[in-house]
Novice: 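Sharing a structure here in structure tokens format.
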2 protein chains.
Amino acid sequence: MTESLALAEHIKKRINLTDAEVNEFLSCFKLMKVRKRQFIIQPGFIAHHKNYVVKGAFRAYVVDDTGQDHTIQVSIEDWWISDYNSYLYQKPATMFVEALEDSIILQIHYNDEAWLKQEHHNFETFFRIMAERSMAHMQRRIITNLTKNAEERYKEFEVQYPEIVQRIPQYALASYLGMTTEYLSRLRNRRTKKS
Amino acid sequence: MTESLALAEHIKKRINLTDAEVNEFLSCFKLMKVRKRQFIIQPGFIAHHKNYVVKGAFRAYVVDDTGQDHTIQVSIEDWWISDYNSYLYQKPATMFVEALEDSIILQIHYNDEAWLKQEHHNFETFFRIMAERSMAHMQRRIITNLTKNAEERYKEFEVQYPEIVQRIPQYALASYLGMTTEYLSRLRNRRTKKS
DNA sequence: CGTTTCCAATGAACTGGATCAGGAAATTAG
DNA sequence: CTAATTTCCTGATCCAGTTCATTGGAAACG
């Protein structure tokens, strides 16, 4: 149960709950260990779970017609990850969600989440806050992608998520930022040479 | 009150409500008439309202350092619009939200929305569904922007929102799709000449 | 331990889409 | 109605970022 502590803190930061409620919430989650390079979601299969990262790192990506990856989301400790279009509408996924390291996650099933939301106004509020913030975050990303060039996108990301830059492979970062690995490599070396 | 009918239908499609609840919901909204080219949100001012479009069309856009616009959202009848990062966190807006036609909207104030959500589990659910779907929609847009080229993005939009393509000026569409008006013009003429 | 597979760095040639510049249509205002 | 302004079209040129190819180093693996 020590792994659930982080999740308990996570939710208590966002809504007020009694100990009983916290336990009810946690009881809906199942602990899973995932090895590096393992997939927790694959295209064609419905994403039945929302995943809270206790330890490790994941990336969600799509593969386009020309065979290239595009990283849609990266998650490390205390973040959530899934293919939300698949999860929300319970339709087949279009994404891969892959562990970038050996990891531990807490999974909640779609039906259990639905039940929690229906049963307690509190939990409905929690998931509403989560959705609102994800929405706002994604909108900021859309804006960045539309308004900034490759170098600016990289710099912005470096400032905002220095930990993630250190931790994930360059190809994952490049495809998240919407550029090739080659170009990202050039940008990085441009910068470090100057200083 | 005839203008509220559309909004009443909108919400009843998403959650089950008694007539009294519908009225309580509607009573939080104020009707506003907006003339073409008028702004309902401007950078530097906090977006106090979420806006439901009863009639007309709007676009939300940011202006980058080089002075170019980037359309973040377009809304016609039965859609919502605001600067969600400003609204959600009650921080100064970065966007303009401008009427593209003479329009009619129903506005809800941030505090009234908060009150509705707190008061009734039902309304919390409604706003949660709204946020979830917006999030999923934005994620699909991120994917499209990362995986498709200009022509494919245009074609996809044309198929999905033919009505909007007809209705909004080309510069608004081009800047939504992440290309210049010149390039969009070329794409359009490429296609129509063939057929 | 060597071998294989993965990942970052860099060079050279290329291209999708931007920029700049000039008009032609179409709206809008008066 | 005409004038002014806004929107759209088209051609010529340019560049940020891609593509393709090669190399070296570092994990992963038997």
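Labels below follow one simple rule: chain letters A, B, ... track the order of the sequence lines, proteins then strands, and each chain is numbered from 1.
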Novice: Is it the case that B:Arg141 places NZ or CZ above or below the six-membered ring of B:Tyr176, under 6.0 angstrom from the centre and within 45 degrees of the axis?
Specialist: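 Verdict for B:Tyr176: a cation-pi partner in B:Arg141.
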Novice: In the structure I gave you, are the side-chain heavy atoms of A:Arg128 and B:Ile129 within less than 4.5 Å of one another anywhere?
Specialist: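 They are not in contact (no side-chain heavy atoms under 4.5 Å apart), so the answer is no.
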Novice: Where the side chain of A:Ser185 is defined as all heavy atoms beyond and including C-beta, which of D:dT19, D:dA28, C:dT10 is the nearest nucleotide?
Specialist: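 Side chain of A:Ser185 sits closest to C:dT10.
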Novice: Are OP1 or OP2 of C:dA18 and a side-chain N or O of B:Thr180 less than 4.0 angstrom apart?
Specialist: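 Yes.
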Novice: Starting at the 5' end of DNA chain C, which residue's closest nucleotide do you reach first, A:Ile168 or B:Leu184?
Specialist: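 Nearer the 5' end of the strand: A:Ile168.
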Novice: Given C:dC7, D:dT19, C:dC20, identify the nucleotide with an atom nearest to the side chain of B:Glu182.
Specialist: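 For the B:Glu182 side chain, the nearest candidate turns out to be C:dC20.
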Novice: Distance check needed: C:dA18 P versus B:Glu151 CD, whole Å only.
Specialist: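 Whole-Å distance recorded here is 13 Å.
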Novice: Using the side-chain heavy atoms of A:Lys36, tell me which of these nucleotides is nearest: D:dT19, D:dA28, C:dT28.
Specialist: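 Looking only at heavy atoms from C-beta outward on A:Lys36, the closest nucleotide is D:dA28.
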Novice: What's the spacing between A:Tyr89 OH and B:Arg133 CZ if we round to 0.5 Å?
Specialist: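 Rounded to the nearest 0.5 Å, the OH-CZ separation comes out at 5.5 Å.
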Novice: B:Asp102 CG to C:dT27 P: how many Å, rounded?
Specialist: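 To the nearest whole Å, that distance equals 16 Å.
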Novice: To the nearest 10 degrees, what angle separates the axes at the start and end of the helix from C:dC1-D:dG30 to C:dG30-D:dC1, five pairs each?
Specialist: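 Roughly 60°, once rounded to the nearest ten degrees.
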Novice: A:Gln170 side chain N/O closer than 4.0 Å to the phosphate oxygens (OP1, OP2) of C:dC6?
Specialist: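 Negative; the distance criterion is not met.
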Novice: Does the structure place the NZ or CZ of B:Arg186 under 6.0 Å from the centre of the six-membered ring of B:Tyr183, at an angle of no more than 45° from the ring's axis?
Specialist: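 No; the conditions do not both hold, so B:Arg186 does not lie above the ring face of B:Tyr183.
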Novice: Please tell me if B:Gln68 has a side-chain N or O lying less than 4.0 Å from either OP1 or OP2 of C:dA18.
Specialist: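 No, outside the criterion.
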Novice: A:Arg37 CZ to C:dC6 P: how many Å, rounded?
Specialist: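 Interatomic distance, CZ of A:Arg37 to P of C:dC6: 7 Å.
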Novice: Please report, rounded to the nearest Å, how far the C1' atom of C:dA9 is from the OH atom of A:Tyr171.
Specialist: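 Distance check: A:Tyr171 OH to C:dA9 C1' gives 17 Å.
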Novice: Roughly how many Å is it from CZ in B:Arg188 to P in D:dT7, rounded to a whole number?
Specialist: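 Going from CZ in B:Arg188 over to P in D:dT7 covers 14 Å.
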Novice: Whole angstroms only, please: what is the CG-C1' distance between A:Asn189 and C:dG11?
Specialist: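 The distance from CG of A:Asn189 to C1' of C:dG11 comes to 13 Å, rounded to the nearest Å.
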Novice: Which of these nucleotides, C:dT28, C:dG17, D:dT18, is closest to any side-chain atom of B:Tyr183?
Specialist: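 Within the option list, the nearest is C:dG17.
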Novice: Rounded to the nearest Å, what distance is computed from the NZ atom of residue A:Lys148 to the P atom of nucleotide D:dA16?
Specialist: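 It works out to 18 Å between those atoms.
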Novice: Within the structure shown, what part of the strands sits under 4.0 Å from A:Glu152 by heavy-atom distance: base, sugar-phosphate, or nothing?
Specialist: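 A:Glu152: no heavy atom of the nucleic acid under 4.0 Å.
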Novice: Return all side-chain donor-acceptor pairs below 3.5 angstrom for residues 30-39 of chain A, not counting sequence neighbours, or 'none' if the list is empty.
Specialist:
unit_1  : atom_1 : unit_2   : atom_2 : d
A:Arg35 : NH2    : A:Asp102 : OD2    : 3.0
A:Gln38 : OE1    : A:Arg35  : N      : 3.0

Novice: Quickly work out the B:Tyr154 OH to C:dG17 C1' distance and round it to whole Å.
Specialist: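 It works out to 17 Å between those atoms.
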Novice: Mind checking whether B:Phe123 and B:His120 have parallel, tilted or perpendicular rings, split at 30° and 60°?
Specialist: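 The rings of B:Phe123 and B:His120 stand perpendicular, inter-plane angle above 60°.
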Novice: Whether A:Arg59 engages the ring of A:Tyr171 as a cation-pi pair (distance to the six-membered ring centre under 6.0 angstrom, angle to the ring normal within 45°) should be assessed.
Specialist: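 Not flagged: A:Arg59 not positioned over aromatic ring of A:Tyr171.
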Novice: Between the side-chain atoms of A:Arg186 and the base atoms of C:dG11, is any donor-acceptor pair under 3.5 Å?
Specialist: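 Such a pair exists between side chain and base.
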Novice: Classify the angle between the aromatic ring planes of A:Phe25 and A:Phe127 as parallel (below 30°), tilted (30 to 60°) or perpendicular (above 60°).
Specialist: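 Ring orientation of A:Phe25 relative to A:Phe127: tilted.
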